[in-house]
Student: 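Before I ask anything, let me first share the structure, which is written out below as structure tokens.
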Amino acid sequence: PNRVVNKRIMSSLLRNKEIFMSDAIKETNAQTGKANSSNTRKVLDERFGKVVMAEGFSGIPSIAFKMQHRLGLNNNQMMVLIHLYDHWIGTKSNIHPTISTIAQRMGLSVSRVRFYLKELEDGGFLQRFSRFEARTQRANEYNLDGFVQKIVALGPQFAEVRAERQ
């Protein structure tokens, strides 16, 4: 299933869509004269194959990677955010993987992932909310609006840098 980003945040991203599109997608859009999600899916299907893409994909803007250092994120912090982002399904922030799931996928200890989550929370990249069911704690829910807002805020700066290089 495709990952759908919160509509409010997506509208912010689309205002600067030229900044966030990969060169391959820009080229496909230029060739077809269209800019839409089917072009994105076509490029990804061709690149990775339909079997791989059937497992879904996460639409993280390239600027998040290109400006990682400016965001002040080390590689493990970025990967924790990417793992959380991969769980962002639908229009609401229903992000609640277990810490042990993230730890296992990254090959880290649970305590190390907790440490990175705390740093990300302190840095304003995410918010954590405890979830309980019948007095039993469930996996925390995460909100990544802070991460998205930081990326959106870097958009104009990135555009200026790009313009200076050209």
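Numbering starts at 1 and runs along the sequence shown. All values below were derived from every heavy atom in this structure, side-chain atoms included, with hydrogens, water molecules and symmetry-related copies excluded.
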Student: Is there a side-chain contact between L126 and N143, using heavy atoms and a 4.5 Å cut-off?
Tutor: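 Heavy-atom side-chain distance check fails, nothing below 4.5 Å.
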
Student: Distance check, rounded to the nearest 0.5 Å: I82 atom CD1 versus L144 atom CG?
Tutor: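 Nearest 0.5 Å value for the CD1-CG distance: 11.5 Å.
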
Student: Does a side-chain heavy-atom distance below 4.5 Å link N140 with L117?
Tutor: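 The answer is no, as the side chains (C-beta and beyond) never meet within the 4.5 Å cut-off.
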
Student: Assess, by modelled atom type and distance only, whether the side chains of Q68 and N74 contain a donor and an acceptor separated by less than 3.5 Å.
Tutor: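 Distance-only check fails for Q68 and N74.
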
Student: Does I60 form a side chain to side chain contact (heavy atoms under 4.5 Å, CB included) with W88? I'd like the steps, not just the answer.
Tutor: CA-CA 11 Å; I60 299 173; W88 195 349; over 6 Å; no

Student: Starting from the C-alpha separation in whole Å, work towards a yes-or-no answer on side chain to side chain contact (heavy atoms under 4.5 Å, CB included) for V43 and R47.
Tutor: CA-CA 6 Å; V43 168; R47 186 175 295 158; 3.7 Å; yes

Student: Can you confirm whether Q157 is buried at CD, in the sense that more than 12 heavy atoms of other residues, nucleotides or ligands lie under 6.0 Å from that atom?
Tutor: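 Counting other residues, nucleotides and ligands, CD of Q157 exceeds 12 neighbours.
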
Student: Is R112 close to F115 at the side-chain level, that is, under 4.5 Å between some pair of heavy atoms?
Tutor: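 A side-chain contact exists here, since the closest heavy-atom pair is under 4.5 Å.
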
Student: Report the relative orientation of the aromatic rings in F147 and F125; use parallel for angles under 30°, tilted for 30 to 60°, perpendicular for over 60°.
Tutor: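 Ring orientation of F147 relative to F125: tilted.
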
Student: Should E119 and Q77 be marked as a side chain to side chain donor-acceptor pair (under 3.5 Å) after you check the CA-CA gap, both sets of side-chain angles, and the distance that decides it?
Tutor: CA-CA 8 Å; E119 287 184 331; Q77 291 167 330; 2.6 Å; yes

Student: Grab the two heavy atoms, one from H96 and one from Y142, that are nearest each other, plus how far apart they are.
Tutor: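 Here H96 and Y142 meet closest at CA-CD1, 4.5 Å.
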
Student: With sequence neighbours left out, write down each residue that passes side-chain contact (heavy atoms from CB on, under 4.5 Å) with D45, or none if nothing qualifies.
Tutor: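 D45 satisfies side-chain contact (heavy atoms from CB on, under 4.5 Å) with R41, K50, M53 once adjacent residues are dropped.
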
Student: Is any side-chain heavy atom of I95 less than 4.5 Å from a side-chain heavy atom of Y85?
Tutor: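 Sidechains of Y85 and I95: no contact.
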
Student: Nearest 0.5 angstrom please: M67 CE to S62 OG, how far?
Tutor: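 Result: 12.5 Å between the selected atoms.
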
Student: If every non-hydrogen atom of A64 is compared with every non-hydrogen atom of I151, which pair is closest and at what distance?
Tutor: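 Looking at all heavy atoms of both residues, the closest pair is CB-CD1, 3.6 Å.
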
Student: Evaluate Y116 against I102 for side chain to side chain contact (heavy atoms under 4.5 Å, CB included), listing each step before the verdict.
Tutor: CA-CA 11 Å; Y116 291 128; I102 296 170; over 6 Å; no

Student: Are any non-hydrogen side-chain atoms of K66 and R162 less than 4.5 angstrom apart?
Tutor: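 Answer yes - side chains close enough.
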
Student: Taking all non-hydrogen atoms of both residues into account, name the closest pair between V80 and M106 and its distance.
Tutor: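 Looks like CG2-SD, 3.7 Å.
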
Student: Taking all non-hydrogen atoms of both residues, which atom of L84 and which atom of P97 are closest, and how far apart?
Tutor: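 Where L84 meets P97 most closely, the heavy atoms are CD2-CG, 3.7 Å.
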
Student: Using the side chain to side chain contact (heavy atoms under 4.5 Å, CB included) definition, which of the options L73, N76, D86 pairs with L81?
Tutor: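 In the set L73, N76, D86, the residue that makes a side chain to side chain contact (heavy atoms under 4.5 Å, CB included) with L81 is L73.
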
Student: Which distance, rounded to the nearest 0.5 Å, do you find between the CZ of R128 and the CG of L120?
Tutor: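 So the gap between those two atoms works out to 9.0 Å.
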
Student: Using the rule given for side chain to side chain donor-acceptor pair (under 3.5 Å), can you reason through Q127 versus D145, listing the C-alpha separation, both sets of side-chain angles and the distance that settles it, and then say yes or no?
Tutor: CA-CA 8 Å; Q127 291 178 298; D145 286 351; over 6 Å; no

